> 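Mind looking over this structure? Questions follow.
So you know, we letter chains A, B, ... as the sequences are listed, proteins then strands, and number each from 1. Note that this is a predicted model, so its numbers are computed, not measured.
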Amino acid sequence: MTLARDLLGRILFYRTAGGLLAGRIVETEAYTGAADPASHAFRGPTARNTVMFGPAGHAYVYFSYGMHYCLNVTAERPGTAGAVLLRGLEPLAGIDLMRAQGDHGAASRLLSGPGKIGRAFGLTLKDNGRDFTRGPLGISAGTPAAADQVAVSRRIGISRAVDFPYRFAVIGSRSVSRA
DNA sequence: CCACCGATTGCT
DNA sequence: GCAATCGGTGGT
């Protein structure tokens, strides 16, 4: 849970063949396990959510609505499910490469949503399970968001556990998926 | 094997 | 407000 808040302000990067892609994390959501009906891990381990039950600091990527790939950072120790969905980032590097994926909107909106992050970064299931401390995907320190810059609210797009205050966003950022 | 439905997005 | 699009999941 604390990871979701702590990731705000940090830098997600991806070293691709074409160049470096990077963005400042400004919106996240926490998902846990058996105590969280909205989590993919709620009903226990399955082929899809295996990574959520593994060690912290790995990428849990899932295919959504038949067309989007969404990225999470695992948050707990082996055996305990937990992940943080990255929902919004402010583009920092590789904006031209992100646009090459087909989104030609304003730069500040290229990564304003979990599906958009997957699209701009070219994420697929090949990225599922990647270690953020090793390999092309990583997270660097950045400048952590101050407590008074963080808004806590309900998660978006779920139908169960709708009142859990597990969404964290940097106040005022134009790269947050929605107000 | 089959039917349901979603941690979304973009257009009407 | 709603269609697009399809694999994961759970029940028959």
> Begin from the C-alpha positions of A:Arg87 and A:Cys70 and carry the test side chain to side chain contact (heavy atoms under 4.5 Å, CB included) through to its verdict.
CA-CA 8 Å; A:Arg87 294 192 53 92; A:Cys70 301; over 6 Å; no
> Provide, to the nearest angstrom, the distance between the OH atom belonging to A:Tyr60 and the C1' atom belonging to B:dA7.
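Rounding to the nearest Å, OH of A:Tyr60 and C1' of B:dA7 are 9 Å apart.
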> Can you check the A:Arg155 CZ to B:dG6 C1' distance for me, whole Å?
14 Å
> Round to the nearest Å and state the distance from A:His104 atom NE2 to B:dG10 atom P.
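Checked: the NE2 to P distance equals 12 Å.
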> Tell me the interatomic distance from A:Ile156, atom CD1, to B:dG6, atom P, rounded to whole angstroms.
16 Å
> Counting side-chain heavy atoms from C-beta on, which of B:dA7, B:dG6, B:dT9 comes nearest to A:Ser159?
B:dG6
> Rounding to a whole Å, what distance do you find between A:Leu85:CG and B:dG6:P?
16 Å
> Base, sugar-phosphate, or nothing for A:Gly66, non-hydrogen atoms under 4.0 angstrom?
base
> What is the distance from CZ of A:Arg119 to C1' of C:dT5, rounded to the nearest Å?
15 Å
> Should A:Arg167 be listed as having a side-chain N or O under 4.0 Å from OP1 or OP2 of B:dA7?
no
> Could you identify which residues of residues 38-47 of chain A place a heavy atom less than 4.0 Å from some atom of DNA chain C, listed by residue number, or say none?
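Heavy-atom contacts with DNA chain C come from A:Arg43, A:Thr46, A:Ala47.
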> With centres under 5.5 Å and planes under 30° as the test, does A:Tyr31 stack with B:dA7?
yes
> Which part of the nucleic acid does A:Arg48 contact within heavy-atom distance under 4.0 Å: base, sugar-phosphate only, or nothing?
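Counting heavy atoms under 4.0 Å across all strands, the contact made by A:Arg48 is with sugar-phosphate only.
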> Establish whether the base of C:dA4 is bridged to the side chain of A:Tyr65 by a donor-acceptor pair shorter than 3.5 Å.
no
> How long is the gap from NE2 on A:His68 to CZ on A:Phe63, to the nearest 0.5 Å?
9.0 Å
> Can you check whether A:Ala30's main-chain N or O pairs, donor with acceptor, with A:Arg155's side chain at less than 3.5 Å?
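Yes.
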> Which residues satisfy the ring pair (Phe, Tyr, Trp, His ring centres under 6.0 Å) test with A:Phe13, sequence neighbours excluded?
none
> Looking for any heavy atom pair under 4.0 Å, which part of the strands does A:Ile158 touch: base, sugar-phosphate only, or nothing?
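Answer is sugar-phosphate: A:Ile158 comes under 4.0 Å of backbone atoms only.
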> Under a 3.5 Å distance rule, please check whether A:Glu29 uses its side chain to pair with a backbone N or O of A:Ile156 as donor and acceptor.
yes
> Out of B:dT9, C:dC6, B:dG10, which has the shortest distance to the side chain of A:Phe63?
C:dC6
> Checking side chain to side chain contact (heavy atoms under 4.5 Å, CB included) for the pair A:Thr28/A:Arg167: CA distance, chi angles, key distance, verdict?
CA-CA 6 Å; A:Thr28 62; A:Arg167 176 175 177 240; over 6 Å; no
> Rounded to the nearest 0.5 Å, how far does CG of A:Leu21 lie from CG of A:Leu111?
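Going from the CG atom of A:Leu111 to the CG atom of A:Leu21 covers 9.0 Å.
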> Is the closest side-chain heavy-atom distance between A:Tyr31 and A:His40 below 4.5 Å?
no
> Do side-chain atoms of A:Ser177 reach the backbone of A:Ser112 as a donor and acceptor pair under 3.5 angstrom?
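Checked: no pair found.
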> Nearest whole angstrom, please: distance from the P of B:dC4 to the CZ of A:Arg160.
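One finds 17 Å between P of B:dC4 and CZ of A:Arg160, rounded.
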> In whole angstroms, how far is the C1' atom of C:dT9 from the CE atom of A:Met52?
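Value for this atom pair: 15 Å.
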> Backbone N or O of A:Gly9 within a donor-acceptor pair of the A:Thr143 side chain at under 3.5 Å?
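No, A:Thr143 side chain to A:Gly9 backbone: no donor-acceptor pair under 3.5 Å.
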> Of A:Leu125 and A:Met67, whose closest DNA chain C nucleotide lies nearer the 5' terminus?
A:Met67
> Using the P atom on both, measure C:dT5 against B:dC2 and round to a whole Å.
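Each nucleotide's P atom is 23 Å from the other's.
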> Does DNA chain C take part in any stems of at least 3 consecutive Watson-Crick or G-U pairs (both distances under 3.5 Å), and if so, which ones?
B:1-6 with C:6-11, B:8-11 with C:1-4
